[in-house]
Amino acid sequence: MGSPASGGAIASDGAVEKFALCIGVSDFRCCPNLPSAAMDCYAMCAMLQNWNFVTWSMVNGTLRELKAKVRELHGAVANHPDSTVVIYYSGYGVQHLGTNYLVPCDAEVRLGADIEDTCVSV
């Protein structure tokens with residue numbers, strides 16, 4: 001985990017202007033790889049830093065790592081409810097029973113029921 005990468009600043013009154021979490025997943029167990037997803041993530045993160053966002057990034061995260069990174073962002077935003085938040089994701093996403101999911105690199109999806117256990121709901 002750790003602190004945000006860079007960009008943005010917390011004002012003296014505690015307000016944060018902008019937060020961003022950039023996620024790129026290029027390598028998958030259950031799906032064809034997406035070679036450009038990691039590079040897209042890095043490019044978007046750099047652009048958001050230039051726009052003064054406080055950024056976190058993750059490439060080829062496992063289910064556990066993705067959930068931890070989302071919780072880290074949520075914790076930061078919870079203390080600054082008026083902030084702008086961007087979550088950028090480059091990789092596979094699926095919808096199952098009306099819920100959208102991000103597919104981590106270690107997802108093992110063979111049946112619809114596997115999605116709830118191995119993917120991150122958003």
Side-chain angles (χ1 to χ4, degrees):
M1 283 188 246
S3 60
S6 65
I10 298 176
S12 60
D13 64 0
V16 171
E17 295 177 11
K18 307 169 197 172
F19 287 114
L21 171 58
C22 299
I23 302 166
V25 184
S26 293
D27 303 325
F28 296 89
R29 286 187 190 167
C30 68
C31 312
N33 289 339
L34 297 172
S36 65
M39 296 308 296
D40 293 345
C41 173
Y42 293 133
M44 181 60 73
C45 192
M47 183 175 65
L48 290 166
Q49 288 172 357
N50 287 336
W51 291 345
N52 295 317
F53 277 77
V54 174
T55 60
W56 289 262
S57 64
M58 171 171 282
V59 172
N60 293 323
T62 64
L63 174 65
R64 185 178 183 154
E65 292 167 337
L66 284 176
K67 285 185 173 186
K69 196 58 71 175
V70 170
R71 281 191 299 272
E72 185 178 338
L73 173 67
H74 183 268
V77 172
N79 296 324
H80 307 283
D82 294 329
S83 298
T84 300
V85 178
V86 172
I87 297 178
Y88 174 81
Y89 178 76
S90 183
Y92 287 110
V94 295
Q95 186 179 72
H96 178 64
L97 301 175
T99 301
N100 296 312
Y101 295 87
L102 307 180
V103 180
C105 69
D106 62 341
E108 295 283 349
V109 178
R110 290 185 179 82
L111 303 170
D114 296 336
I115 293 170
E116 295 174 16
D117 296 331
T118 65
C119 298
V120 179
S121 65
V122 291

Atom pair NZ (Lys69) and CH2 (Trp56), whose distance is rounded to the nearest 0.5 Å:
8.5 Å
Partner of Pro104 under side-chain contact (heavy atoms from CB on, under 4.5 Å), picked from Thr62, Leu63, Ile23, Asn60, is Leu63
The reported gap from SG in Cys105 to CZ in Arg29 (rounded to nearest 0.5 angstrom) is 7.0 Å
Would you indicate whether the side-chain heavy atoms of Val86 and Lys18 approach each other to under 4.5 Å?
no
Measure the CD-OG1 distance between Glu116 and Thr99 for me, rounded to the nearest 0.5 Å.
7.5 Å
For the atom pair CD1 (Ile87) and NE2 (His74), what is the distance rounded to the nearest 0.5 Å?
10.0 Å
Quick check: is Val70 connected to Val59 through a chain of hydrophobic side chains (ILVMFWY, heavy atoms under 4.5 Å apart)?
no
Atom of Phe53, atom of Phe19 and distance for their closest heavy-atom approach:
CD2-O, 3.4 Å
Please answer: with hydrophobic residues joined when any side-chain heavy atoms are less than 4.5 Å apart, are Val122 and Leu34 in the same cluster?
yes
Short question: side chain of Asp114, backbone of Leu111 - any donor-acceptor pair under 3.5 Å?
yes
Between Leu48 and Cys22, what is the shortest heavy-atom contact and its length?
CD1-SG, 3.7 Å
Any idea which heavy atoms bring Tyr88 and Cys41 closest together, and the distance?
CE2-CA, 4.0 Å
Side chains of Val94 and Val103, heavy atoms from C-beta outward: is any pair under 4.5 Å?
yes
Straight-line distance of Asp40 CG to Cys45 SG, nearest 0.5 Å:
12.5 Å
Does some side-chain heavy atom of Tyr92 sit less than 4.5 Å from a side-chain heavy atom of Pro32?
yes
Between the side chains of Thr118 and Glu108, is a donor N or O closer than 3.5 angstrom to an acceptor N or O?
no
Would you check if Phe28 and Asn33 make a side-chain contact, meaning some heavy-atom pair closer than 4.5 Å?
yes
One should read off an interatomic distance between Ser121 OG and Ile115 CD1, to the nearest 0.5 angstrom, of 12.0 Å
